[in-house]
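The structure appears below as structure tokens.
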Amino acid sequence: MKKDIHKKEDIILLVDEFYQRIRKDDLLSPVFTFHVKDNAQHLKLMYDFWENVIFYSGNYAGNPMSAHIKVHSETPLQIQHFVRWNMLFNETVDALFTGKNAELVKQKANSISAIIQLKII
């Protein structure tokens, strides 16, 4: 039975599963493989990011916009990249969790994705 996202371990499960799916995706894998040189460091950053998004932990100190601007300058991102990212993220959340925080993380992810798209495409 699926449960809601309640703690950092849930965030770690979500992020790990999501990035496994990305690594297998024909469209997104080349972008992530090229830009993410230290997977463990990137995953830790993502754990902190999503924990902060959902639980306001204060553990994240980064700038997602500048990171994506850099990626876009080296590997131009298209709308289909964002559509696929959103689809995989939502599918991952739905496969693992159900509840208020699960819906919140999907909503936040889609909002963040939309803002990044507007700024760089």
(request) Examine Met87 and Val83 and state if one hydrophobic cluster contains both, with Ile, Leu, Val, Met, Phe, Trp and Tyr joined whenever side-chain heavy atoms are less than 4.5 Å apart. (result) yes
(request) Search all heavy atoms of Tyr60 against all heavy atoms of Pro64 and return the closest pair with its distance. (result) OH-CD, 3.5 Å
(request) State yes or no: do Val15 and Tyr56 share one hydrophobic cluster built from I, L, V, M, F, W and Y residues joined by side-chain heavy-atom distances below 4.5 Å, directly or via other members? (result) no
(request) Please name the pair of heavy atoms, one in Leu27 and one in Gln80, separated by the smallest distance, quoted to 0.1 Å. (result) CD2-O, 3.5 Å
(message) So does Asp4 get a backbone contact from the side chain of Asn101, meaning a donor-acceptor N/O pair under 3.5 Å?
(response) no
(message) What I'd like to find out is whether the side chain of Asn52 reaches to under 4.5 Å of the side chain of Asn59, using heavy atoms alone.
(response) no
(request) Inspect the surroundings of NZ in Lys70 and state if more than 12 heavy atoms from other residues, nucleotides or ligands are less than 6.0 Å away. (result) no
(message) Looking at every non-hydrogen atom in both residues, tell me the closest pair between Arg23 and Asn39 and how far apart they are.
(response) NH2-OD1, 2.9 Å
(request) Indicate yes or no: at least one non-hydrogen side-chain atom of Leu28 is less than 4.5 angstrom from one of Arg21. (result) no
(message) With a 4.0 Å cut-off on N to O distance, would you call Asp48 and Lys44 a salt bridge?
(response) yes
(message) Side-chain heavy atoms nearer than 4.5 Å, only ILVMFWY residues, links allowed to pass through others: does that put Ile79 and Phe32 together?
(response) yes
(message) For the NZ atom of Lys8 and the CG atom of Leu13, what is their distance to the nearest 0.5 Å?
(response) 14.0 Å
(request) Taking His42 for its side chain and Val36 for its backbone only, find out whether a donor-acceptor pair lies under 3.5 Å. (result) no
(message) So does Leu88 get a backbone contact from the side chain of Thr92, meaning a donor-acceptor N/O pair under 3.5 Å?
(response) yes
(message) If we ignore hydrogens and angles and just use 3.5 Å, is the side chain of Asp10 paired with the main-chain N or O of Lys7 as donor and acceptor?
(response) yes
(request) Spell out, as yes or no, whether a donor-acceptor pair under 3.5 Å connects the side chain of Lys3 to the backbone of Gly99. (result) no
(message) Is there a path of hydrophobic side-chain contacts, each under 4.5 Å between heavy atoms, that joins Ile115 and Phe82?
(response) yes
(request) Can you measure from CG (Leu96) to CG (Asp16) and round to the nearest 0.5 angstrom? (result) 10.5 Å
(request) Measure the spacing between NZ of Lys106 and CD of Glu103 and express it to the nearest 0.5 Å. (result) 3.5 Å
(request) Rounded to the nearest 0.5 Å, what's the gap from CD1 on Ile5 to NZ on Lys100? Could you check? (result) 12.0 Å
(message) If you define the side chain from C-beta out and look only at heavy atoms, does anything of His72 sit under 4.5 Å from Ile116?
(response) no
(message) Donor-acceptor check, side chain of Ser29 to backbone of Asp26, threshold 3.5 angstrom: yes or no?
(response) no
(message) Does Lys24, at its NZ atom, have more than 12 non-hydrogen atoms belonging to other residues, nucleotides or ligands within less than 6.0 Å?
(response) no
(message) Using side-chain heavy atoms (C-beta onward) and a distance below 4.5 Å, is Asn110 in contact with Asn90?
(response) yes
(request) Can you measure from OG1 (Thr75) to NE2 (His35) and round to the nearest 0.5 angstrom? (result) 2.5 Å
(message) Show every ring-ring contact (aromatic ring centres under 6.0 Å, His included) that has at least one partner inside residues 86-121, sequence neighbours left out.
(response) Phe18-Phe89, Trp50-Phe89, Trp85-Phe89
(request) Taking all non-hydrogen atoms of both residues into account, name the closest pair between Met65 and Ile120 and its distance. (result) SD-CG2, 4.5 Å
(message) If I compare all heavy atoms of Ile11 with all of Glu51, which pair ends up nearest, and what's the gap?
(response) CG2-N, 4.0 Å
(request) Measure the CG-CD distance between Asp25 and Gln20 for me, rounded to the nearest 0.5 Å. (result) 13.5 Å
